[in-house]
Protein chains: 2
Amino acid sequence: MSNADEQTGPAVTGSVAHRVPDLGALELLLAVARLGSLGGAARELGITQPAASSRIRSMERQLGVALVDRSPRGSRLTDAGALVTDWARRIVEAAEAFDVGAQALRDRRDSRLRVAASMTIAEYLLPGWLLALRAQRPDTAVSLHAGNSAAVAERLLSDEADLGFVEGLSVPAGLDSAVIAHDRLIVVTAPGHAWARRRRSLAAEELASTPLILREKGSGTRQVLDAALGGLARPLIELSSTTAVKAAVVSGAGPAVLSELAVGEELAMRRLVSVPVEGVALARDLRAVWPTGHRPTGPARDLLSLTRG
Amino acid sequence: MSNADEQTGPAVTGSVAHRVPDLGALELLLAVARLGSLGGAARELGITQPAASSRIRSMERQLGVALVDRSPRGSRLTDAGALVTDWARRIVEAAEAFDVGAQALRDRRDSRLRVAASMTIAEYLLPGWLLALRAQRPDTAVSLHAGNSAAVAERLLSDEADLGFVEGLSVPAGLDSAVIAHDRLIVVTAPGHAWARRRRSLAAEELASTPLILREKGSGTRQVLDAALGGLARPLIELSSTTAVKAAVVSGAGPAVLSELAVGEELAMRRLVSVPVEGVALARDLRAVWPTGHRPTGPARDLLSLTRG
DNA sequence: GTTGCTCATAAACCCAGCTTATGCCGCCAT
DNA sequence: ATGGCGGCATAAGCTGGGTTTATGAGCAAC
């Protein structure tokens with residue numbers, strides 16, 4: 001009760017935006033870490049040195065932690081500052097992916113490369129590819145449309161797109177394709193779930209007989225799973241987005257089957273655990289596609305070669 | 001030459017912060033997506049409806065994309081809006097991890113749980129654990145210090161910390177421990193590297209005879225690698241941070257050996273590719289540690305149980 | 001000493017985002 | 001039909017955080 005300025009919600013709940021420095025400040029911090037000087041970082045970002053100084057200072061005040069050791073001949077990160085900078089880098093990287101994706105979403109007539117992609121690929125893979133493409137060919141303007149396989153095929157065939165990406169079992173008619181990667185559906189649980197401690201693989205029938213958290217019928221993921229199990233997947237709940245499914249699994253509601261792409265980050269952070277399965281064909285190809293005979297050239301070729309390495 | 005406001009750098013280079021909506025706007029967008037109404041989202045975030053309306057509108061103007069379909073009885077995301085929202089969610093999640101980590105870094109005397117952790121664990125794993133802990137026990141104040149194994153041990157033994165986390169081959173004297181996860185060093189290359197296409201495992205001597213991008217001698221990762229290879233690791237370059245090593249590998253400079261934790265996200269996004277190796281012991285345990293005899297209780301026990309699931 | 005780098009402080013300015021106050025539209029229950 | 005309610009948009013006015021310019025002070029190398 002010593003604090004009076006708290007009327008809504010319990011404890012520290014509330015928008016995180018007021019507790020996290022804005023992107024400009026985080027970017028500035030990364031520049032300071034890299035260049036070893038406030039003024040240098042300021043120059044790189046096109047602001048003046050006092051602006052940088054004040055911004056770092058207000059960030060330290062906001063966080064309640066000293067981030068940089070200033071000296072008359074440069075600035076170095078404190079130990080806490082190094083850790084904060086690492087966490088900040090993840091935010092900025094996510095922002096870069098957002099940026100390059102959002103730029104591609106904007107309909108521009110001058111696009112030199114028009115891409116059509118399935119939702120999953122557009123969401124998880126494409127931003128990384130576009131960043132790599134921008135690094136190689138900085139002035140390639142890209143436009144992006146996301147949709148299901150049929151929509152991708154339609155855009156390609158009506159010459160509204162130069163290159164497409166689809167995931168799934170079959171290639172739409174009229175298109176040539178190249179496999180660029182493999183995706184697997186994997187069984188995931190919260191780290192606390194009994195399956196998380198298994199050492200032996202799960203048998204197919206065990207998976208089929210256990211109620212799972214699933215996407216609604218008709219979703220791509222659900223189709224592949226049902227096909228692999230023979231139409232038997234038993235729902236514990238059905239949810240309408242991959243995000244909702246992930247949240248339910250993390251909260252311990254039960255196991256789910258999701259694309260490796262969708263849960264890669266959660267697995268890396270150990271928020272989810274993957275359970276080995278045997279005897280079920282849960283692999284599917286990710287393919288680049290283009291109209292039959294029209295081999296990608298120019299920017300499309302550049303992007304294609306990036307996706308395959 | 002049609003643009004006059006361009007004096008430094010080529011093309012669209014420059015701080016991403018001006019091209020990406022700020023965290024508050026992204027959080028608002030997520031709330032709109034979840035609640036299906038601008039006003040509802042505004043209420044949840046504690047602002048007025050016109051503020052939300054104006055903010056979404058200016059975000060749409062900034063991105064040049066319509067995000068929300070407004071109707072007199074609610075708002076739904078457009079297709080592009082759904083994609084943008086997915087990308088935005090990654091930024092906000094990174095910001096939440098930043099927030100919970102930064103709060104723990106602040107030295108607070110009233111902390112009910114004092115944690116000491118190695119850098120790698122503090123950077124990659126701890127924010128997730130702290131978020132889970134906050135979800136379970138919202139009013140547990142946590143403080144965090146990061147350092148090497150010896151520093152962690154010292155803080156525990158001098159009763160400046162209640163629970164520690166270390167990675168490495170041995171447990172410091174005077175501490176009890178529990179293995180909470182396993183980490184492996186893995187060989188990674190850019191997707192374009194020759195090794196990325198290998199199907200057969202790499203032999204130990206092949207790894208030892210190839211120049212690698214390495215952390216400097218004395219780093220934990222380097223020690224484990226040298227031990228596993230018998231002190232033979234041959235440097236192509238030596239860099240002083242994991243981040244720098246990753247950047248070098250992504251840019252195609254050569255292969256490196258890094259902790260699975262450090263590259264998990266890059267692998268998921270296919271920015272890096274892992275190369276299987278055989279005959280080399282690159283595994284190490286991640287351990288929770290505490291002073292011998294003093295089994296963790298209270299908040300420390302809560303956190304410990306989260307880390308093991 | 002002088003030059004050149006570093007960072008800090010102070011004062012003035014500007015704009016993004018906020019609130020309050022209003023209006024319009026469509027649905028639903030009376 | 002006719003309120004009433006919930007949803008969104010517009011307009012006007014305020015505030016504060018981040019910016020710039022201008023200046024000062026510490027330390028190093030010449």
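In this text the structure is predicted, and so the values were computed from the model without any measurement. The figures here come from the full heavy-atom set of this structure, side chains too, leaving out hydrogens, waters and symmetry mates. By convention in this document, chain letters (A, B, ...) are assigned in the order of the sequence lines, proteins followed by strands, and residues within each chain are numbered from 1.
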Could you walk me through whether A:D69 and A:R76 pass the salt bridge (Lys or Arg N to Asp or Glu O under 4.0 Å) test, one step at a time?
CA-CA 5 Å; A:D69 268 336; A:R76 290 202 57 68; over 6 Å; no
Please compare A:S58 and A:R73 by the position of their nearest nucleotide in DNA chain D and report the one closer to 5'.
A:S58
Send over the distance from A:H18 NE2 to D:dG16 C1', rounded to a whole Å.
12 Å
Counting just side-chain N and O atoms, does B:S75 come under 4.0 Å of either OP1 or OP2 of D:dC8?
yes
Could you give the distance from CZ (B:R215) to CZ (B:R222), rounded to the nearest 0.5 Å?
10.5 Å
What is the distance, rounded to the nearest whole Å, between atom CD1 of B:I47 and atom P of D:dG16?
18 Å
For atom CD of B:E27 and atom P of C:dG17, their distance in whole Å
15 Å
Is there a side-chain contact between B:R57 and the phosphate of D:dA9, meaning an N or O under 4.0 Å from OP1 or OP2?
yes
Which of these nucleotides, C:dT6, D:dC8, D:dT19, is closest to any side-chain atom of A:S54?
D:dT19
Students often get this wrong, so: under 4.0 angstrom with heavy atoms, is A:S37 touching a base, only sugar-phosphate, or nothing?
sugar-phosphate
Whole-Å distance, B:Q62 CD to C:dG17 C1', equals 13 Å
Audit row: B:V65, B:L67, side-chain contact (heavy atoms from CB on, under 4.5 Å) steps and yes/no
CA-CA 6 Å; B:V65 177; B:L67 301 174; 4.2 Å; yes
Distance check needed: C:dA16 P versus A:D22 CG, whole Å only.
14 Å
Winner on side-chain proximity to B:P72, out of C:dT6, C:dC25, C:dA21, is C:dC25
Within this structure, what is the CD-to-C1' distance between A:Q49 and C:dA10, rounded to whole angstrom?
13 Å
Using a cut-off of less than 4.0 Å, is there contact between a side-chain N or O of B:T48 and OP1 or OP2 of C:dT19?
yes
Taking only the side-chain heavy atoms of B:P50 (C-beta and beyond), determine which of C:dA8, D:dA9, D:dG7 contains the nearest atom.
D:dA9
Can you tell me how far P of D:dT19 sits from CD1 of A:I56, to the nearest Å?
11 Å
Between B:R34 and B:E44, is a side-chain contact (heavy atoms from CB on, under 4.5 Å) present by the stated rule, with each step listed?
CA-CA 11 Å; B:R34 184 156 30 82; B:E44 183 175 89; 3.0 Å; yes
Kindly say if B:S53 contacts the phosphate of D:dA9, meaning a side-chain N or O under 4.0 Å from OP1 or OP2.
yes
Side-chain N,O (A:R55) to OP1/OP2 (D:dT19) below 4.0 Å:
yes
Give the rounded distance in Å between these two atoms: CG of A:L26 and P of D:dG18.
12 Å
Taking all non-hydrogen atoms of both residues, which atom of A:A253 and which atom of A:L236 are closest, and how far apart?
O-CD2, 3.3 Å
